[in-house]
Amino acid sequence: MIVGIDVGTTAVKVSAFTVDGTLVHTHSVPYPISRPQPGWAEQDPLDWWRGTQAGLAALPPGEILSIGIVSQVNTHVFADAALQPLAPAIIWQDQRCASIAATFDAQFSAEEKTRIWGSPIVLDASFLPARAEWLASTSPSLWDATRWVLSPKDFIAAQLTGRVATDLLSSVRIAGPSGYIAEAVALVDGLSDRLPPILPPEEVGTMDAFGAVLGTGLPWSGRRGMVLCGTSLVVAGASASGAAPGIVTFPPYDGVLVHAGPTQAAGDAVRWWSQVSGLSIPAVFESAASGSSGVVFTPYLAGERAPLWDSSVRATFLGLQSSTSQADMSRAVLEGVAMSGRHVLESVEQACGFTLESLTFSGGGARSPLWAQIFADVLGRSVERLRVHDSGTLGAALLGAVGAGVYPSVAEAAAATVSVDSVFSPTKSMDTLYSVYRDTYEALRDIHSRMV
């Protein structure tokens, strides 16, 4: 067996596969997100560690050839020299550092951002230096005690192996092809001394989105893109060159650039609607299946990341009338998430320089044929649901397998393991509703900023 660990936002998953990519076993341990103040989102890093231990202990008997690991990123653990967390981890949804990030962002012109980061990106509330500055200013004693600032997979890998390290791909906005970005790290005194050494992802794992990139075979798939529908949504494409505002272009991997944009709420929007509607998660999907299109939902429940990078924007339902049913609103939630994906896709294709003719579909959302069809309709192209829905854990397993010599390269590992389960083709146009979705942001942006 080759084993993959995915330290996600809602659970840690440990999955075992045969070397041809057949899922043998999976074990998931959920954990909570704490929201002690408006805009805050935290987790206990020891919940990740306990879940990882439970998942590994639950593996079936058999030979384990390798273990690989991926995790959520823009989530940060401040740990001491003994690898003990000094405070709850600040996860990617957290907005407490938005004003600090805006101050840092204003220090760089568009030309300087393009020189440093490759495009005029926005430094948002998840930017690590903003969080480091927040901790240093609000809890200087904790900052003084901090030896390491780690992502979840770095923290778990260090617990498993005793080695502290990270990779370029997980070090979002603070690292580039040559290592840590001096201009980013220098924003906070002492940050550079607290960052782990950088090693190849085959040795230390990587971020969950890039694990999915590898677990879908994206870098080697030509004009086929990727939609990863989990707690958040990630849309990605790959090309030999290019960049675009509003999305992330990763350092080169195997000769290509991966362009990707993460949103703030996909499955998390369904979770929210489940809570406020009183429907269970399965009932939300059953309800949506009987609903009609016509209501537009913008899933900005905690601000939005790609391509807006606006922490003050808020969610809305548009087009409600006396005949609107709960089923219509359930459908609008699923469609609104897909529309956020189309918005990101436009920037991804701009970076690629060509149209992505089809998109693979994976993540927890891929378990719903209804959602797969909605994505096909909203995106206006074929959606290919993969045999392995948890492409992040498969990607983690492939990285570990390459690091252990089971496969000579990730490209060959992906070719041997990634396959399509079913294809969903567009059945109707959603262009009119999507144009409403796009216009909503500009129309309401100033109003939303007054409500924060």
Side-chain angles (χ1 to χ4, degrees), residues 8-10 31-45 71-78 87-107 121-139 142-143 149 151-152 172-174 184 187-188 191 207-209 230-234 246-248 261-273 275-276 297-316 336-337 340 343-344 440-441 444-452:
T9 305
T10 59
Y31 34 69
I33 298 173
S34 174
R35 304 182 190 273
Q37 297 187 41
W40 289 34
E42 303 177 336
Q43 286 182 331
D44 181 353
S71 76
Q72 52 175 305
V73 288
N74 294 330
T75 290
H76 301 107
V77 183
F78 297 88
I90 304 174
I91 75 168
W92 54 272
Q93 292 178 335
D94 193 285
Q95 298 294 312
R96 78 184 71 175
C97 300
S99 61
I100 300 174
T103 300
F104 285 158
D105 186 75
Q107 296 181 24
I121 51 90
V122 175
L123 302 177
D124 77 321
S126 68
F127 184 49
L128 172 55
R131 291 176 170 177
E133 177 63 26
W134 176 85
L135 185 68
S137 61
T138 61
S139 303
L142 291 183
W143 178 246
V149 183
S151 73
V172 180
R173 306 290 198 219
I174 63 167
L187 289 167
V188 180
L191 177 57
M207 64 186 297
D208 52 2
T231 303
S232 67
L233 193 72
V234 179
I247 58 170
V248 177
T263 71
Q264 196 77 331
D268 203 47
V270 177
R271 174 203 59 79
W272 167 81
W273 178 240
Q275 288 181 337
V276 300
F297 173 71
T298 60
Y300 311 143
L301 294 159
E304 183 57 292
R305 294 192 292 173
L308 300 177
W309 302 102
D310 186 340
S311 61
S312 64
V313 67
R314 291 294 177 260
T316 55
V337 171
S340 73
H343 196 181
V344 176
T440 296
Y441 175 67
L444 298 179
R445 178 168 55 180
D446 291 342
I447 294 174
H448 288 149
S449 66
R450 285 154 49 192
M451 297 176 68
V452 176

Side-chain touch His343/Glu304, heavy atoms, less than 4.5 angstrom:
no
Rounded to the nearest 0.5 angstrom, the CD-OG1 distance for Gln107 and Thr103 is 7.5 Å
Min side-chain heavy-atom separation Thr316-Leu444 under 4.5 Å
yes
Looking at every non-hydrogen atom in both residues, tell me the closest pair between Ser71 and Ser151 and how far apart they are.
OG-OG, 4.3 Å
Please work out whether the ring planes of Phe78 and Trp143 are parallel, tilted or perpendicular, with thresholds of 30° and 60°.
perpendicular
Return the minimal non-hydrogen interatomic distance between Ile174 and Ala184, and the atom names on each side.
CA-CB, 4.2 Å
Ring pair (Phe, Tyr, Trp, His ring centres under 6.0 Å) involving Trp134 - partner list, sequence neighbours excluded
Trp40
Between Ala101 and Ala125, the two heavy atoms sitting closest are CB-N, 3.9 Å
Residue list, salt bridge (charged side-chain N to carboxylate O under 4.0 Å, His left out) with Arg96, at least two apart or on another chain
Glu42, Asp94
Quick one: does Leu301's side chain get under 4.5 Å of Trp273's, heavy atoms only?
no
Could you check whether any side-chain heavy atom of Trp92 comes within less than 4.5 Å of a side-chain heavy atom of Thr231, counting everything from C-beta outward?
yes
Have a look at Gln95 and tell me which of Ser311, Ser126, Pro38, Ser312 forms a side-chain contact (heavy atoms from CB on, under 4.5 Å) with it.
Ser311
Does some side-chain heavy atom of Val149 sit less than 4.5 Å from a side-chain heavy atom of Arg131?
no
With sequence neighbours left out, the residues meeting salt bridge (charged side-chain N to carboxylate O under 4.0 Å, His left out) with Arg271 are Asp268
Qualifying residues under side-chain hydrogen bond (donor to acceptor under 3.5 Å, both in side chains), relative to Tyr441, sequence neighbours excluded:
Asp310
Check salt bridge (charged side-chain N to carboxylate O under 4.0 Å, His left out) between Glu133 and all other residues, then give those that pass, not counting sequence neighbours.
none
Gln93 side, atom CD; Asn74 side, atom CG - distance, nearest 0.5 Å:
11.5 Å
Examine distances only and state if a side-chain atom of Gln264 and a backbone atom of Gly303 form a donor-acceptor pair shorter than 3.5 Å.
no
Contacts of Asp124 meeting salt bridge (charged side-chain N to carboxylate O under 4.0 Å, His left out) (sequence neighbours excluded), chain-then-number -> none
Check whether Trp309 reaches the backbone of Leu123 with its side chain - one donor and one acceptor, N or O, closer than 3.5 Å.
no
Which atom names give the shortest non-hydrogen contact between Cys97 and Ala130, and what distance separates them?
SG-O, 3.8 Å
What heavy-atom pair brings Ser232 and Thr263 nearest, and what distance separates the two atoms?
CB-O, 3.2 Å
Heavy-atom closest contact (Asp105 atom, Ile121 atom, distance):
OD1-O, 3.9 Å
Value rounded to 0.5 Å, distance of CG in Leu187 from CZ in Phe127
5.5 Å
